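Just below is one structure, and these are the notes that go with it.
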Amino acid sequence: MDKRQAVDLAYLVCAITFIIGLKRLSSPRTAVRGNQVAAFGMVLAIGVTLWDADARDLAWIIAGIVIGGVIGAYSARAVKMTAMPQMVALFNGVGGGAAALISISEYHDRIGLATDPATSFLISTLFSAIVGGVSFAGSMIAFGKLQEVISGSPVTVPGQKAVNAVNFIAIVVLAVYLAAGNESEGVLVLAVALSLLLGVSLVMAIGGADMPVVISLLNSFTGLAAAATGFTLHNNLLIIAGTLVGASGALLTQMMSRAMNRSLANVVFGAFGTGSGTAVVGPAGAQGTVRSASADDVAVMLGYARRVVIVPGYGLAVAQAQHVVRELADQLERKGVDVRYAIHPVAGRMPGHMNVLLAEADVPYTQLYEMDEINAEFPRTDVSLVVGANDVVNPAAKNTPGSPIYGMPVLNVDQSQAVVVLKRSMNTGFAGIDNELFTDPKTTMLFGDAKESLANLVTSVKNV
Ligand code: TAP
């Protein structure tokens, strides 16, 4: 076996580990091992690439790996769970930027030689430079919005869509000009500059709270740009890994949009979701009497229940109340209460947000129920304990045609015998609409920060 064959064989092994890793990431039970398998594949891929690299470039590559590795490892350890979406945005953007820079550099090396570059080289290089540029710029804006460095509100100016359309057409025209064999580094740089502008303009117009969907979409773009770079560099593993990222990002984007009952076009062009969470006049039916109670009263309801379903939402993440909710669940189980957690696919602000939080508190996976499984159980539930969730339990999604969330599948907590809602005020959630569940006669509000309210409940339940 010569060196080329050995490299390709090793790349095949790496590709298999990536596929196994992805497959295992689909369940919390196997996710950690899946991550380890894929990480092993990535270490092998880096090792083989170094072995295969031109010895003159090794020092540069190793310096890049060390600097990037130290920054990546430090950020991964230091990042707060609530800041995870912006870290993903940042790392994703860096991937897109790297693909664009490699393409510009490959184009620079390839033009001006005696033989003309092949059309396939030009197409893959241009694609990766342009798509990588959009992904880099868009991801940086997404990071800025989530980190609140820039305003999270959709920033739109009159005629923005028309300007974006003209920009897009200009990029395509420049790309076709270069792909036709006209050599010009200046035109390539201009096309990349316009793609950066397009990324900024597209993402600026989207509300901060929609950023997870946008990041997933941009993640798919980065994957495709990396795959195209693989064609440019004749690197099979990059083609496979990029395609896997591209496909999984596209699927995740589609699943998130579906779970919110919104089209991708509505997310990208709808200027929806400021993420401000302040009260906005909602659909009819939200006016009514709100019943609130003390932790002691709620503890009695919980302590004497046979089944309690806990519904975590974004507020659980904000309050960092995952450990104390587990404490309360343990306390209730000791009293013989059947405790389950209902997980809505878009509760929180990123895919799997609630699963990750509850896993951090070692909540057993067997207690977590997906929406489709638990919805049939609500009529047999004594108390639904809604912890910092709002939109995902809003009956308007079923009852109010014309509501922005009408048609979104929600958790049917209103069918349980009693509902207790832990939140700080009557403020709205992500969708900015009132929630008629809060004025339902069977609902009791326990106002306050979720962590404090849960801690009070733990103490009170002990005395029941
Ligand atoms: P939301 O509807 O956003 O409601 C969260 C509630 O938590 C708020 O009403 C807020 O009320 C409360 N809260 C905030 N901080 C709190 C604290 N410290 N203690 C107690 N309560 C607190 O959350 P949800 O029900 O999880 O729904 C998620 C929403 O985000 C959906 O509309 C979904 O479409 C959207 N979204 C999700 C994703 C993904 S992938 N998960 C991505 C983009 C958008 P107070 O201010 O009154 O406390």
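Keep in mind it's a predicted model, so treat the numbers as computed, not measured. Each ligand, and each atom within it, is numbered from 1 in the order the structure gives.
- Contacts between R424 and ligand 1 below 4.0 angstrom, taking non-hydrogen atoms only, involve backbone and side chain alike.
- Of the candidates G448, S425, G388, G388 brings a heavy atom nearest to atom 5 (C) of ligand 1.
- If you number the atoms of ligand 1 from 1 as listed, the ones under 4.0 Å from a heavy atom of D449 come out as 17 (C), 18 (N), 19 (N).
- Formation of a donor-acceptor pair under 3.5 Å by the K442 side chain with backbone atoms of S416 is found in this model.
- The closest non-hydrogen atom to atom 4 (O) of ligand 1, taken over N390, I433, V393, comes from N390.
- Interatomic distance, Y314 OH to F430 CZ, rounded to the nearest 0.5 Å: 10.5 Å.
- The shortest N or O to N or O distance between V213 and ligand 1 is not below 3.5 Å.
- Residue pairs that meet the side chain to side chain donor-acceptor pair (under 3.5 Å) test with at least one member in residues 450-464, sequence neighbours left out, are D296-S460.
- Here A241 pairs with F18 under the side chain to side chain contact (heavy atoms under 4.5 Å, CB included) rule; sequence neighbours left out.
- The shortest N/O to N/O separation between F430 and ligand 1 falls below 3.5 Å.
- By heavy-atom distance, the residue among V214, V346, V318 lying nearest atom 37 (C) of ligand 1 is V346.
- For atom 39 (C) of ligand 1, the choice among M350, M426, E452, Q320 with the nearest heavy atom turns out to be M350.
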